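All remarks here apply to the structure that follows.
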Amino acid sequence: MCGRFTLTASPETMAEMLALAEIEPFPPRYNIAPTQPILLVIGGQADRPEANSPDRTAVLARWGFIPSWVKEWRSFPLLFNARAETAAEKNSFRAAMRHRRCLIPASGFYEWRRREKAKSEAYFLRPGDGLPFCFAGVMETWLGADGSEVDTAAILTTAANRRIAPIHERMPVVVNPSDHARWLNCRENDPASIADVLNAANDDFFDPVRVTDRVNAVANTDPDIQRPIAGAESLPTEDDELGEDQPRLL
């Protein structure tokens with residue numbers, strides 16, 4: 001799953017990385033949580049077929065997907081993740097997977113390692129190269145009976161790779177830059193044709209860092225919540241965590 005993430009790259013960096021013609025200024029965010037506004041990048045129909053730059057737009061949406069058929073969104077369960085393996089068939093996400101896929105820029109995410117009765121351990125999962133990246137996402141604009149509109153989104157998740165599996169069995173899908181255009185092009189690419197995008201990131205993509213449990217509180221939004229814990233116990237390998245006789249997550 002993915003229940004907290006961070007975006008600390010500058011607007012200029014994101015605009016260059018995602019070929020955006022313009023982007024509104026935004027501050028670094030160190031502890032983004034569900035129901036808060038998040039940055040999305042969506043594709044669209046180019047005004048000029050011969051245009052050299054991709055037709056992409058940066059928008060804000062509520063992190064918490066609301067299907068169009070929901071009558072009262074405040075009483076609807078909070079859907080901030082969608083399983084990549086089944087999203088194209090699920091009633092809640094099927095239309096969005098076909099028509100409203102998006103990219104969700106990030107600099108890293110948080111996950112908690114839970115072990116029986118022991119206290120959960122917080123980890124910051126950051127790219128080894130330090131560069132920002134994009135989660136695979138879906139979005140929906142919910143229309144209220146009173147004419148109100150709420151743009152909403154969810155992050156797609158998949159089975160964790162070998163590096164992250166000792167922390168949690170699921171992880172968010174990272175879209176490779178070479179697949180950005182294909183993922184956003186909902187007019188030409190149906191869910192079946194982009195299914196290969198929905199794989200776990202390479203084992204060495206994220207560097208897990210044990211951090212303080214201050215990240216548990218949404219109110220803590222300062223950079224220090226990412227500070228590594230000195231002398232923290234090394235994260236076990238997947239084989240250590242599972243044991244030789246147990247099945248391995250793939």
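For clarity, every value in this text was computed on a predicted model and none was experimentally measured.
A donor-acceptor pair under 3.5 Å is formed between the side chain of N161 and the backbone N or O of A201. With D222 contributing its side chain and D224 its backbone, the two residues share a donor-acceptor pair below 3.5 Å. At distances below 3.5 Å, at least one donor-acceptor pair connects side-chain atoms of S107 with backbone N or O atoms of T8. Judged purely by atom type and a 3.5 angstrom limit, D207 has no side-chain atom pairing as donor or acceptor with the backbone of R126. Put simply, the side chain of N31 gets close to the backbone of N220: a donor and an acceptor are under 3.5 Å apart.
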Indicate every side-chain donor-acceptor pair of residues 152-160 with a distance under 3.5 Å to a residue at least two apart or in another chain.
residue	atom	partner	partner atom	Å
T152	OG1	I66	N	3.0
T152	OG1	E140	O	3.0
T157	OG1	R170	NH2	3.2

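Within a 6.0 Å sphere centred on CD of E72, heavy atoms belonging to other residues, nucleotides or ligands number more than 12. The number of heavy-atom neighbours closer than 6.0 Å to CD of E85, taken from other residues, nucleotides and ligands shown, is above 12.
Residues L143 and W73 fall into different hydrophobic clusters, defined by Ile, Leu, Val, Met, Phe, Trp and Tyr side chains chained together at heavy-atom separations under 4.5 Å.
A 4.5 Å side-chain heavy-atom check between W142 and S148 finds at least one atom pair inside the cut-off. Side-chain contact between V174 and F206: present, with at least one pair of heavy atoms (C-beta onward) separated by less than 4.5 Å.
Aromatic ring centres of F124 and F5: separated by at least 6.0 Å. Checked against the 6.0 Å centroid criterion, the rings of Y110 and Y123 do not qualify as a close aromatic pair.
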Using the rule given for side chain to side chain contact (heavy atoms under 4.5 Å, CB included), can you reason through L60 versus I38, listing the C-alpha separation, both sets of side-chain angles and the distance that settles it, and then say yes or no? CA-CA 5 Å; L60 290 177; I38 59 174; over 6 Å; no
What's the verdict on side chain to side chain contact (heavy atoms under 4.5 Å, CB included) for I167 and E121, showing C-alpha distance, side-chain angles and the deciding distance? CA-CA 9 Å; I167 304 173; E121 300 172 346; over 6 Å; no
Salt bridge (Lys or Arg N to Asp or Glu O under 4.0 Å) evaluation trace for R182 with D196: CA-CA 11 Å; R182 195 157 61 97; D196 60 297; 2.7 Å; yes
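Put simply, CE on M14 and SG on C134 are 5.0 Å apart, with the number rounded to the nearest 0.5 Å.
Inspection of the W112 and N216 side chains reveals an N or O donor paired with an N or O acceptor under 3.5 Å. The closest side-chain donor-acceptor pair between D151 and T141 falls under 3.5 angstrom.
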